J.: 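Starting off with a structure, shown below.
Remember, predicted model here, so these are calculated numbers, not experimental data. A, B, ... follow the sequence lines: proteins, then strands. Residue 1 opens every chain.
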Amino acid sequence: MTAASPVPAHPRLGVRVAYRLQQVLRPNGGYRWLSTRIEASGPARTLFTGTERQTKTALFGCRMCGQCALPATAYVCPMGCPKELRNGPCGGVGADGSCEVYPERQCVWVDAYDRAASQGRAADLRLLHRPIDHGRWGQSSWLNYWQGRDEGLWTGDPGARPGAGT
Amino acid sequence: MSLRERLASGSFAVTAEISPPRGASTQQITATAAALRHWVDAVNVTDNQGSNVRLASWAGSLAVLAAGLEPVMQMTCRDRNRIALQSDLLGASALGIRNVLVMTGDHPKFGDHPGARPVFDLDSVQLLWTLRTMRDQHVLLSGRKLDPAPDCFLGAVENPFAPPVPFRAERLGKKVAAGAQFVQTQFVFDVPAFARWMAQVRDLGLHERCAILAGVGAVRSVRALDYMRDHVPGVEVPDDVFRRLRAVPPDKNAAEGVKLAAEIIQQVAEIPGVAGVHMLVAGNERAVPDILDGAGIRTTRGADGR
């Protein structure tokens with residue numbers, strides 16, 4: 001972890017492209033086979049993880065928490081929130097949508113809401129994200145995703161009124 | 001009648017707030033709790049409010065309890081990791097503190113130790129979920145068994161006015177799903193905006209799963225209002241509130257603030273789904289009886305009124 005608080009980053013990847021990539025990268029037998037092969041080799045794993053780090057840092061300001069929330073947040077990284085909030089914005093968001101800690105930046109959750117709503121995906125933000133495993137920092141979340149280790153990251157609300165808010 | 005019973009009975013609940021001192025004494029808390037005990041159902045004890053070091057919330061809560069009033073122990077995610085938070089709940093429950101209010105917490109940047117390392121290991125939704133699991137499933141976040149499990153009544157906060165506004169009711173929905181049984185809102189100055197949020201809350205059916213307490217504050221001066229707008233994250237003060245306070249001479253500001261608070265209480269009490277009010281009066285607790293009188297809230301609590 002860095003000494004200073006995380007800084008909100010606006011994604012460099014448009015939301016529509018991001019959702020299209022989501023379809024392409026969805027886990028399947030091929031990716032499972034590939035990720036198993038990559039994990040079996042130390043150098044391949046290091047190379048793959050390094051590529052993920054470079055790509056996602058450039059596109060999303062990724063900090064490599066190893067348990068990626070992007071598919072559920074309209075591809076705005078919640079780990080860029082100075083409070084690392086994974087379940088939505090704090091109460092301190094400025095009237096103009098600014099982050100309370102970095103007023104010159106937009107709150108990641110305001111950004112995420114706008115992007116998700118523009119694609120009819122606002123319901124994604126209702127998902128409940130479980131506490132993260134701090135032992136996973138630095139790991140490749142793509143490998144974790146394809147290996148099915150990310151399946152418990154979030155869940156829905158079992159008590160919600162059917163069709164509520166839609 | 002406890003806060004939990006009051007809310008279950010459907011009668012209008014009133015909570016207030018005590019800010020513990022910067023010092024090693026509970027004398028002031030005891031005096032304030034004694035003064036408030038016949039006026040409110042329970043009183044929040046803040047957890048290093050605004051990221052400023054104060055006497056611990058659990059200790060202040062014990063002092064409130066000893067003074068014959070029910071405490072609401074505030075718990076933020078700013079200063080403690082999941083180990084300390086779970087441990088604190090066990091300790092609080094063992095010593096008779098039942099109401100626990102969970103919030104993310106202000107960033108250390110805003111307080112008297114801006115260089116402190118922020119923790120935020122869990123967020124407020126995850127902490128609610130953790131505490132409910134401890135109580136209902138008798139297990140820690142790790143899965144280890146608890147014996148005996150804590151008994152607690154879980155609260156949350158929400159700011160109906162902060163962006164993204166259309167998401168704010170759903171954000172409360174996440175807290176309710178995670179275990180919130182009551183919620184106290186940020187200062188309500190803009191009643192129509194609050195009513196719009198409440199309409200969404202009712203659409204989601206949240207008022208049936210969680211008691212909604214509207215945050216109402218007493219403003220003492222234009223200066224206090226300025227400070228609130230400029231330095232308290234997430235508080236929006238509409239211009240007509242400023243106009244109203246400036247329209248009276250400075251020595252009448254406090255009285256006008258009391259009148260305004262009483263009017264807001266009357267207005268929010270009319271909104272379907274509002275279960276009570278939370279009086280954000282830290283440092284101005286003496287205004288509580290006047291505000292409640294002005295609002296016409298049945299104020300007899302304690303021995304004869306319960």
J.: Look at B/R171, B/Q200, B/E158 and state which one has the largest set of heavy-atom pairs under 4.5 Å with chain A.
T.: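 Going by pairs under 4.5 Å, I would pick B/R171.
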J.: Using atom types as modelled and distance alone, determine if a side-chain donor or acceptor of A/E39 lies under 3.5 Å from a backbone N or O of A/T36.
T.: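 Side chain of A/E39 to backbone of A/T36, a donor-acceptor pair under 3.5 Å: no, none is there.
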J.: What residue, out of A/D96, A/V93, A/L127, has the most heavy-atom pairs lying under 4.5 Å from chain B?
T.: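 Going by pairs under 4.5 Å, I would pick A/V93.
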J.: Which residue out of B/V165, B/V157, B/N159 racks up the most heavy-atom pairs below 4.5 Å with chain A?
T.: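 Counting heavy-atom pairs under 4.5 Å, the top option is B/N159.
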J.: Any idea which heavy atoms bring A/Y102 and A/S5 closest together, and the distance?
T.: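 Heavy atoms of A/Y102 and A/S5 come nearest at OH-O, 2.9 Å.
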J.: Please check if the side chain of B/S51 supplies one atom and the backbone of B/D106 the other of a donor-acceptor pair under 3.5 Å.
T.: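 Yes.
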J.: Just so I know, are the side chains of A/V15 and A/D114 near enough to count as touching, which here means a heavy-atom distance under 4.5 Å?
T.: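 When only atoms from C-beta onward are counted, A/D114 and A/V15 do not touch, as no gap falls below 4.5 Å.
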J.: More than 12 non-hydrogen atoms from neighbouring residues, nucleotides or ligands closer than 6.0 Å to CD on A/Q22, yes or no?
T.: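 Yes.
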J.: Check whether B/F110 gets within reach of chain A through its side chain, its backbone, both or neither, counting any heavy atom under 4.5 Å.
T.: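 Side chain only.
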J.: For the interface with chain B, which of A/G88, A/A122, A/G92, A/P131 has the highest count of heavy-atom pairs at distances below 4.5 Å?
T.: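 Heavy-atom pairs under 4.5 Å are most numerous for A/P131.
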J.: With a 6.0 Å cut-off on the ring centroids, do A/W142 and A/Y145 count as close?
T.: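 They do not qualify: ring centres at least 6.0 Å apart.
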J.: Count the heavy-atom pairs under 4.5 Å between each of B/R82, B/M103, B/K175, B/R78 and chain A, then report the option with the highest count.
T.: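 Of B/R82, B/M103, B/K175, B/R78, B/R82 has the most heavy-atom pairs under 4.5 Å with chain A.
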J.: Of the backbone (N, CA, C, O) and the side chain (C-beta and beyond), which part of B/P108 lies under 4.5 Å from a heavy atom of chain A, both, or neither?
T.: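 Answer is neither: B/P108 stays 4.5 Å or more from chain A.
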J.: Less than 4.5 Å to any heavy atom of chain A: does that hold for the side chain of B/L127, its backbone, both, or neither?
T.: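 The answer is neither part of B/L127.
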J.: Chain A heavy atoms under 4.5 Å from B/R168: which part of the residue, side chain, backbone, both or neither?
T.: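 Only the side chain of B/R168 comes within 4.5 Å of chain A.
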J.: Within the distance-only criterion (no hydrogens, no angle test), does the side chain of B/T185 pair as donor or acceptor with the backbone N or O of B/A214 below 3.5 angstrom?
T.: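 The answer is no, because no donor-acceptor pair under 3.5 Å joins these two groups.
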J.: Please report the closest heavy-atom contact between A/Q139 and A/N144, naming both atoms and the distance.
T.: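 Closest approach of A/Q139 to A/N144, heavy atoms only: OE1-ND2, 3.1 Å.
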J.: Which atoms of B/Q186 come close to chain A, meaning under 4.5 Å heavy atom to heavy atom: side chain ones, backbone ones, both, or neither?
T.: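 Contact with chain A: none, neither part.
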J.: Which bit of A/P103 is near chain B, if near means a heavy-atom gap under 4.5 Å: side chain, backbone, both or neither?
T.: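 Looking at A/P103, just its side chain touches chain B.
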J.: Which bit of B/K174 is near chain A, if near means a heavy-atom gap under 4.5 Å: side chain, backbone, both or neither?
T.: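 Both backbone and side chain.
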